[in-house]
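Take a look at the structure below.
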Amino acid sequence: MLKQVLHHDVLAIREPRQQFPTLVTSVAKLSAPLQEAIRPHCSDTSHIVRIPSGYNTSRRMWGGVRLPFRWRQTPERILIFDPDTIRIIESHPAGRVTTTAVPRTALLKIHVYVLLLYSYLELVWVDSDHLETGTFEYNTVGEALILQGIDRLRAAYPPCLPPPVVEERAEVLARLPLKFRNYLRDSLLPGEQLYAAVFQPAIRQASGFVRPYLSPDRAVGITERQLILVENRRDRFFSEANYSTYCCFYPLAHIQHMTLEVTDKVTWLKLQHGCGSVTQATDIALSSPHAEALWAVLQGHVKG
């Protein structure tokens, strides 16, 4: 039955562009329930992107074993990007519309994952006294529109590091492998200074029969506003192909605390992101020289 529904949906889409995120230039072209939900929250300067409803696969794991993919349908979504807020408006069956506001002042993490034509935007933010996580999938063909909106928000975070004398961006990036160099360069905002960047090859546990990965191949960059990770996605035992990329943006304004934890084989850069009393940790496995290079820059923002 599901295959038949999917077949009919594919046939119904006669214009390929309907499958991709598109820029909303006229709210009047949307359905009446969406128009009513959008108008109170948008202005002439809002960046509005429509993500059509679609079928996506979800990966399932059981005891470290990959289970077969399963299909699920995502709702039609409208993303309204402003410098202070992202609003996600979703259209559900029977005309029900929901609105979620993610203020920049509460947004701790921004993740962008790309695997061929499948991509998603993941946001982690503080809502009152707890953490919220939202994942919004889309066809990679429309990725530029999503990133334009995210960049508007990222640019509004205040600089958190003093302006030191640093190398030219090209010289810092030249030390990275080509894929990571390109992704990190493209992740920088216009005119954003790159204080430091390192490439950390994948790290496995030092002992054991299986020796699972502690961390993937990754590049780490620091600017005056954020810490950026570019990774080959890797779970506990397996690595996805080189054509997948996971980019993480961590605003320095929300890093409340950090430490270095040195072990025999690896040094952990431990970050604590927070808004008020609500926090979440990120632990980054690095070689000692790389950890020390990043620490030398970051400790100018947060100590201890």
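If you're wondering where the values come from, they're calculated on a predicted model, not measured in any experiment.
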| task | Would you check, one step at a time, whether the test side chain to side chain contact (heavy atoms under 4.5 Å, CB included) holds for L286 with V266? | result | CA-CA 6 Å; L286 298 160; V266 68; 5.6 Å; no

| request: Could you tell me whether the side chain of R181 and the main chain of L176 form a donor-acceptor pair under 3.5 Å? | output: yes

| With under 30° as parallel and over 60° as perpendicular, where do the rings of F199 and F180 fit, or are they tilted in between? | tilted

| request: Determine whether the side chains of T74 and E137 contain a donor N or O and an acceptor N or O closer than 3.5 Å. | output: no

| query | Would you find a donor on one side and an acceptor on the other, under 3.5 Å apart, between the side chain of D283 and the backbone of K270? | reply | no

| said: Would you say H130 and E132 are linked by a side-chain donor-acceptor pair, where the criterion is simply a distance under 3.5 Å? | reply: yes

| remark: Between F81 and V49, the two heavy atoms sitting closest are CE1-CG2, 4.2 Å

| field | Hydrophobic cluster partners of I78 (side-chain heavy atoms under 4.5 Å) | value | V24, V27, L30, L34, I38, I48, I80, I89, V97

| task | Indicate yes or no for a side-chain donor-acceptor contact from T140 to the backbone of L116 under 3.5 Å, with no hydrogens or angles considered. | result | yes

| message | On a heavy-atom basis, which atom in P103 and which in A101 lie closest, and how many Å separate them? | response | CD-O, 3.6 Å

| task | Go through V126 and T279 one step at a time and tell me if the side chain to side chain contact (heavy atoms under 4.5 Å, CB included) criterion holds. | result | CA-CA 8 Å; V126 175; T279 63; over 6 Å; no

| field | Minimum-distance pair of heavy atoms, taken over all atoms of E36 and P40 | value | O-CD, 3.3 Å

| Evaluation steps, side chain to side chain contact (heavy atoms under 4.5 Å, CB included), between W268 and L260 | CA-CA 6 Å; W268 292 93; L260 284 182; over 6 Å; no

| query | Which atom names give the shortest non-hydrogen contact between Q256 and G274, and what distance separates them? | reply | NE2-C, 3.3 Å

| What residue pairs, at least two apart or across chains, pass side chain to side chain donor-acceptor pair (under 3.5 Å) with a residue in residues 99-110? | D84-R104, K109-Q280, K109-T282

| said: Restricting to side chain to side chain contact (heavy atoms under 4.5 Å, CB included), what partner residues turn up for S26, sequence neighbours left out? | reply: A28, K29

| request: Begin from the C-alpha positions of T223 and L252 and carry the test side chain to side chain contact (heavy atoms under 4.5 Å, CB included) through to its verdict. | output: CA-CA 9 Å; T223 76; L252 297 183; 5.9 Å; no

| task | Heavy atoms only: give me the nearest P251-L107 pair and the separation to one decimal. | result | CG-O, 4.0 Å

| request: Check the hydrophobic clustering (I, L, V, M, F, W, Y; side-chain heavy atoms under 4.5 Å; chains of links allowed) and say if L108 and V112 are grouped together. | output: no

Less than 3.5 Å apart, which donor and acceptor atoms pair up between the side chains of residues 183-191 and the rest of the protein, not counting sequence neighbours?
{"from": "R185", "atom 1": "NH1", "to": "N182", "atom 2": "OD1", "distance (Å)": "3.1"}
{"from": "R185", "atom 1": "NH2", "to": "N182", "atom 2": "OD1", "distance (Å)": "3.2"}
{"from": "S187", "atom 1": "OG", "to": "Y183", "atom 2": "O", "distance (Å)": "2.7"}

| remark: By ring-ring contact (aromatic ring centres under 6.0 Å, His included), Y195 pairs with (sequence neighbours left out) none

| query | How about H47 and R152: does a side-chain donor come under 3.5 Å of a side-chain acceptor? | reply | no

| task | Give a yes-or-no answer on whether the side chains of R154 and Q226 include a donor-acceptor pair shorter than 3.5 Å. | result | yes

| Atom pair OG1 (T245) and CG (L115), whose distance is rounded to the nearest 0.5 Å | 9.0 Å

| said: Under the rule for side chain to side chain contact (heavy atoms under 4.5 Å, CB included), what residues qualify as partners of E122, not counting sequence neighbours? | reply: H111, Y120, T133, T135, Y246

| task | Treat each ILVMFWY residue as a node, draw an edge where side-chain heavy atoms are under 4.5 Å apart, and state whether L269 and L161 are in one component. | result | yes

| said: Looking at R225 and Y157, would you say the former's side chain and the latter's main chain have a donor-acceptor pair under 3.5 Å? | reply: yes

| field | Side-chain donor-acceptor contact under 3.5 Å, Q73 with S53 | value | yes

| So, for P75 and S91, which heavy atoms are closest and what is the spacing to 0.1 Å? | CB-O, 3.3 Å

| Co-membership, hydrophobic cluster, residues Y113 and V124, 4.5 Å side-chain | no

| said: Determine whether a donor-acceptor pair (N or O, by modelled atom type, separation under 3.5 Å) exists between the side chain of T85 and the backbone of D82. | reply: no

